[in-house]
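First comes the structure, then the notes that go with it.
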Amino acid sequence: MSKNLQLIYVLCGNAAYNRGDRGNLLTQLRLLHEAFPKTQIIIDSYRPEVDRHWYNATVLKRGILLTWEQWRYLKRADVVIWGG
C-alpha cells in the first residue's frame, strides 16, 4: 500500500456506545496515523459532537442513509475501511 494516501474513510460500527468498539477504533486510528502520518482520516458517527473529543480524525454525522458530505468523502477516499 502506498504511503502517499490522501484520504482514508472508516465506515464505523457503533463505536459511541460500546467500550470494546471504542477501544478497537482508537487502536485502529492510532495504527493508521503511525503508518500514514500525513493522511486525513474520516469516520462517521451517530453522535459526532461527542466522538470528536474521542478520536483523532474528522468525524461526520451519520444517519440511516449516507449524507451528501459522506458521499463526497467516500468518492475522494483512496481507501475505505468497513468496520472499526
Return the minimal non-hydrogen interatomic distance between Ala77 and Tyr9, and the atom names on each side.
CB-CB, 4.1 Å

Looking at residues at least two apart in the chain, or sitting in another chain, which of them share a salt bridge (charged side-chain N to carboxylate O under 4.0 Å, His left out) with Arg30?
Glu34

Heavy-atom closest contact (Thr39 atom, Leu7 atom, distance)
CG2-N, 3.7 Å

Out of curiosity, Ile8 CD1 to Phe36 CZ, how far, rounded to the nearest 0.5 Å?
5.5 Å

Could you state the interatomic distance from CG (Leu32) to CD1 (Ile43), rounded to the nearest 0.5 Å?
11.0 Å

What closest approach, in Å, do Ile41 and Leu29 show between heavy atoms, and which atom pair accounts for it?
CG2-CD2, 3.5 Å

Interatomic distance, CG@Leu26 vs CG@Asp21, rounded to 0.5 Å, equals 11.0 Å

Indicate the atoms forming the closest heavy-atom contact of Gln6 with Asp78, along with that distance.
N-OD2, 2.7 Å

Give me the atom names and distance for the closest heavy-atom approach of Gln70 to Leu66.
OE1-CA, 3.4 Å

Is a side-chain donor or acceptor of Arg62 paired with a backbone partner of Asp44 at a separation under 3.5 angstrom?
no

Do Ile42 and Trp82 share a hydrophobic cluster, counting only Ile, Leu, Val, Met, Phe, Trp and Tyr and linking them when any side-chain heavy atoms are less than 4.5 Å apart?
yes

Can you name the side-chain contact (heavy atoms from CB on, under 4.5 Å) partners of Glu69, sequence neighbours left out?
Leu60, Thr67, Arg72, Tyr73

Straight-line distance of Lys38 NZ to His33 NE2, nearest 0.5 Å
14.5 Å

